[in-house]
Amino acid sequence: MDAPKTDTAKLESDDVAQNAQAQQRPIVYQVFTRLFGNTKTNNVPWGTIEENGVGKFSDFTPTALTEIREMGVSHIWYTGVPHHALVADYTEYGISLDDPDVIKGRAGSPYAVKDYYNVNPDLADDPARRLEEFEALIQRTHDHGMKVIIDIVPNHVARQYESLSKPDGVEDFGANDDTNIAYSRENNFYYVPGKPFEVPTFSEDTTPLGGEDHPLADDQFAENPAKWTGNGARAAKPDVNDWYETVKVNYGVKPDGSYDFPQLPEGYENQPVSVHYSFWQDKTLPDSWYKFEDIVHYWLDKGVDGFRFDMAEMVPVEFWSFLNSSIKQKNPDAFLLAEVYQPDKYRDYLHAGKMDYLYDKVGFYDALKTVMQGNGKVSTVIQEHKDVADISSHMLHFLENHDEQRIASPDFAGNAEIGKPALVVSSLISSSPFMIYFGQEVGEDGSEDAGFGKPTRTSIFDYIGVPAHQRWMNHGKFDGGKLTEQEKALRVYYKKVLNIAATHPAMNGEFISLHDTSLAADSDYSEQHFAFARQSDTQKLIVVSQFAEATMENVQVVLPESVIKRWGLTENVEITDLLTGETSSLTIAKDNGTITVPMSSWESKVYVVE
């Protein structure tokens, strides 16, 4: 008699449902979409698609998505999806040529969006069906229990913005601008009346296409009058360090910095999203506000689950109140992440601007980086965490992203192993989301010279292969078949830690620093160690990490009497390390609890206290 057949699809569906139910907090996987599936390894500086290759939406196969989900990931941020300016010729699809003089790299910056209503044609197997291919990827991602995030870049657009795919009734940015004046509330851009745009004077590292001949690379770009550059530079000829490939969007902020739109009433920072939404409904607002509302609604209708807002602090908080309340009205569960680098503005953008999450970059990440580099103190990291204690659950943590250096690059730490204790600390210290950048989990070092700019960050401007990631990808098998043993072990480590971060009940509990009490003990514990506890109603964790290349036999973690009493501990307790399965003992004395932990180089322990 034949054995009953297994319904594989049903089992996978059940696994997805079980994982989703266990998820305690968001884990974001940022992937540079253009690079993820690329298998070519030529890595010629300024190389063409034919030379260096390019990844496609179709490279995110069910196997690839399963592997990503199994790392505890709940959201994939597909970076570089909206159609941005690039050098490749897609004129046969009705797409106009872009000028290399206002493009960074050969593949182009994902933050110089050319058409907000379509996607990068490089990413499609059939560029004529590129939007359908992305919609299919959205569905595949959802089928694997994860949500989709894409970039929205509200502060600026490509110098040659031109939407082929805009819905009926939607006008391009700048289509109806009065270009004879520097500013009008209804203009989408700012202008330099009477002066044509001039291409910047390029450096050796930024010369278009590395100096290669191209019919449009002629130090000329027709724009008259010149528009203000994306970073706010007002000269007709921007500096090469300006965001010269983009133009700044006008939100009703006058050139003198005053506002030309209604202000939120006092106390609205304490009002819910629904009140913010109602406030804006009877107001007449700058045209750019409505253009971006149309854009985000378009993508929500396509099934996108949230947005990462580039340089959100360069756009007024009132606009975010308008846009985010509109998004939440349409999808209350939308995931809204903003790039804000001014700590004194964090609370405005969260409370008045109705963001869900901000980068904890200027503060936690910067302090932790100095510890990883061997010249910082854990006490500084703790203080940075305390400084945002009231909003800590809204401060997304990360160790890498497309803007930051790879951990393994010489300019950062020079060794991916040094990222292991930082991963444990950054992902387990709070209930905030945690983000990982593709390739980080296998120690990618960002050393490839792609062309535009310098290595240490995996290039976002050119076509390039990502070697360590490619070894994991193994020509589309996504089985790590070409990884070194050290790279395999690192990925297993990331998987263990991220699943603890994603699913352990203590992650939604209280953070308790054990650093000061442990420093006071007569042991090897130092500013190169970080011990803390996490406590929920049902679970307790004790985490200890070592940021040093050394073996230390007498690292003592000390729990103060207040914690021992709160946890109801009256006698010695056996504790288990979730990373290794090894057991140890929490020794209870009259006025404290002590764990003596032997530590190796860049090691962490995550003890569960039963």
Side-chain angles (χ1 to χ4, degrees), residues 80-86 94-99 102-104 108-121 131 150-193 196-197 221-234 236 238 242-255 260-261 284-299 307 309-312 314-316 318-320 322-323 326-327:
V81 165
H83 182 181
H84 58 77
L86 46 81
I95 299 169
S96 62
L97 286 174
D98 292 313
D99 190 325
V102 287
I103 298 175
K104 288 181 176 176
S109 167
Y111 299 104
V113 176
K114 175 174 178 167
D115 183 353
Y116 259 118
Y117 291 99
N118 216 315
V119 298
N120 181 358
L131 192 55
I150 65 170
D151 292 283
I152 296 293
V153 190
N155 180 66
H156 48 274
V157 296
R159 293 210 96 93
Q160 190 174 328
Y161 186 90
E162 181 184 51
S163 177
L164 296 178
S165 312
K166 57 185 180 292
D168 291 342
V170 172
E171 297 283 351
D172 274 350
F173 286 94
N176 299 312
D177 280 8
D178 180 353
T179 62
N180 295 309
I181 53 178
Y183 167 82
S184 165
R185 194 179 90 140
E186 297 312 307
N187 279 358
N188 298 131
F189 303 129
Y190 300 91
Y191 294 89
V192 187
F197 172 78
F221 178 73
E223 180 182 288
N224 193 6
K227 302 180 181 76
W228 289 14
T229 293
N231 62 324
R234 305 183 184 190
D242 290 326
W243 302 346
Y244 60 83
E245 79 279 23
T246 65
V247 291
K248 186 169 179 62
V249 175
N250 168 20
Y251 285 91
V253 179
K254 297 177 182 179
D260 206 356
F261 50 78
T284 302
L285 302 168
D287 182 70
S288 298
W289 293 36
Y290 298 114
K291 277 187 163 53
F292 271 99
E293 183 181 38
D294 289 340
I295 288 164
V296 295
H297 280 223
Y298 173 85
W299 288 111
F307 306 102
F309 296 123
D310 183 78
M311 295 308 295
M314 298 182 75
V315 179
E318 287 79 1
F319 165 75
W320 292 116
F322 162 80
L323 188 72
S326 179
I327 291 170

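These numbers were taken from a predicted model, which means no experiment stands behind them. In this chain, numbering begins with 1 at the start of the sequence shown.
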Open item on the list: If the condition is salt bridge (charged side-chain N to carboxylate O under 4.0 Å, His left out), which residues does Asp310 pass it with, not counting sequence neighbours?
Closed with: Arg308

Open item on the list: Apply side-chain contact (heavy atoms from CB on, under 4.5 Å) to residues Val102 and Phe197 and explain how you reach the verdict.
Closed with: CA-CA 11 Å; Val102 287; Phe197 172 78; 3.9 Å; yes

Task: Heavy-atom check, side chain of Phe309 versus side chain of Leu323, under 4.5 Å - done: yes

TODO: Could you give me the CA-CA distance, side-chain angles and deciding distance for Tyr251 and Glu318, then say whether side-chain contact (heavy atoms from CB on, under 4.5 Å) is met?
DONE: CA-CA 10 Å; Tyr251 285 91; Glu318 287 79 1; over 6 Å; no

Task: Where at least one partner belongs to residues 168-193, residue pairs that pass salt bridge (charged side-chain N to carboxylate O under 4.0 Å, His left out), sequence neighbours excluded - done: Lys166-Asp172

TODO: Please lay out, stage by stage, how Ile95 and His83 fare under the test side-chain contact (heavy atoms from CB on, under 4.5 Å).
DONE: CA-CA 10 Å; Ile95 299 169; His83 182 181; 3.7 Å; yes

Open item on the list: As a quick check of understanding, evaluate side-chain contact (heavy atoms from CB on, under 4.5 Å) for Val157 and Val247, giving each step before the final call.
Closed with: CA-CA 6 Å; Val157 296; Val247 291; 3.8 Å; yes

Task: Results of salt bridge (charged side-chain N to carboxylate O under 4.0 Å, His left out) for Asp99 - residues two or more places apart only - done: none

TODO: Determine the minimum heavy-atom distance between Ser288 and Asn188, stating which atoms define it.
DONE: OG-ND2, 3.0 Å

Task: Tyr190: side-chain hydrogen bond (donor to acceptor under 3.5 Å, both in side chains) partners, not counting sequence neighbours - done: Asn250

Open item on the list: Checking side-chain contact (heavy atoms from CB on, under 4.5 Å) between Tyr111 and each of Asp151, Asn155, Thr246, which is the one that passes?
Closed with: Asp151

Open item on the list: Looking at every heavy atom in both Pro196 and Ala226, which two are closest together, and how far apart are they?
Closed with: C-CB, 3.8 Å

- [ ] Calculate, to the nearest 0.5 Å, the distance between atoms CD and CG belonging to Glu293 and Leu285 respectively.
- [x] 9.0 Å

TODO: Name all residues meeting the side-chain hydrogen bond (donor to acceptor under 3.5 Å, both in side chains) criterion together with Asn118; count only those two or more places apart in sequence or in a different chain, and write none if there are none.
DONE: Arg130, Ser165

Open item on the list: Checking Phe189 now: which residues fulfil ring pair (Phe, Tyr, Trp, His ring centres under 6.0 Å) with it, not counting sequence neighbours?
Closed with: none

Open item on the list: Test of understanding: with salt bridge (charged side-chain N to carboxylate O under 4.0 Å, His left out), list the residues that count as partners of Glu245, not counting sequence neighbours.
Closed with: Lys104

- [ ] Return yes if some donor-acceptor pair links the side-chain N/O of Trp289 with the main-chain N/O of Phe322 below 3.5 Å, else return no.
- [x] no

Task: Minimum heavy-atom distance Pro110-Gly80, with the two atoms named - done: CB-CA, 3.6 Å

Task: Partners meeting ring pair (Phe, Tyr, Trp, His ring centres under 6.0 Å) with His156 (sequence neighbours left out) - done: Trp243

TODO: Taking the side chain as every heavy atom from C-beta outward, state whether Phe319 and Pro286 have any atom pair closer than 4.5 Å.
DONE: no

TODO: Return the set of residues passing ring pair (Phe, Tyr, Trp, His ring centres under 6.0 Å) with Tyr183 (not counting sequence neighbours), or none when no residue passes.
DONE: none

Task: Residues which pass ring pair (Phe, Tyr, Trp, His ring centres under 6.0 Å) with Tyr191, listed by chain and number, not counting sequence neighbours - done: none

TODO: May I ask you to check whether Phe307 and Trp299 place their ring centres under 6.0 Å from each other?
DONE: no

TODO: Can you see which heavy atom on Pro238 is nearest to which on Ala236, and at what distance?
DONE: CD-O, 3.4 Å

Task: Results of side-chain hydrogen bond (donor to acceptor under 3.5 Å, both in side chains) for Thr229 - residues two or more places apart only - done: Arg159

TODO: For residues Ala85 and Ala158, report the shortest heavy-atom separation together with the two atoms involved.
DONE: CB-CB, 4.3 Å

Open item on the list: With a 3.5 Å distance limit and no angle check, can you tell me whether Tyr298 reaches the backbone of Tyr117 through a side-chain donor-acceptor pair?
Closed with: yes

- [ ] Compare all side-chain heavy atoms of Asn120 with those of His84 and state whether any distance is below 4.5 angstrom.
- [x] yes

Task: Those residues that, when tested against Asp115, pass salt bridge (charged side-chain N to carboxylate O under 4.0 Å, His left out) (two or more places apart) - done: none

Open item on the list: Let me confirm one number: the CG-OG1 distance from Asn224 to Thr179, rounded to the nearest 0.5 Å.
Closed with: 8.5 Å

Task: Check: Asn180 and Pro193 side chains under 4.5 Å, non-hydrogen atoms - done: no

Task: Between Tyr116 and Phe292, ring centroids under 6.0 Å - done: yes

Task: Reported CG-to-CG distance for the pair Asp287 and Asn176, which is rounded to 0.5 angstrom - done: 7.5 Å

Task: Distance in Å, Lys114 NZ paired with Ile103 CD1, rounded so as to fall on 0.5 Å steps - done: 8.0 Å

Task: Side-chain (Asp260) to main-chain (Gly252) donor-acceptor, under 3.5 angstrom - done: no

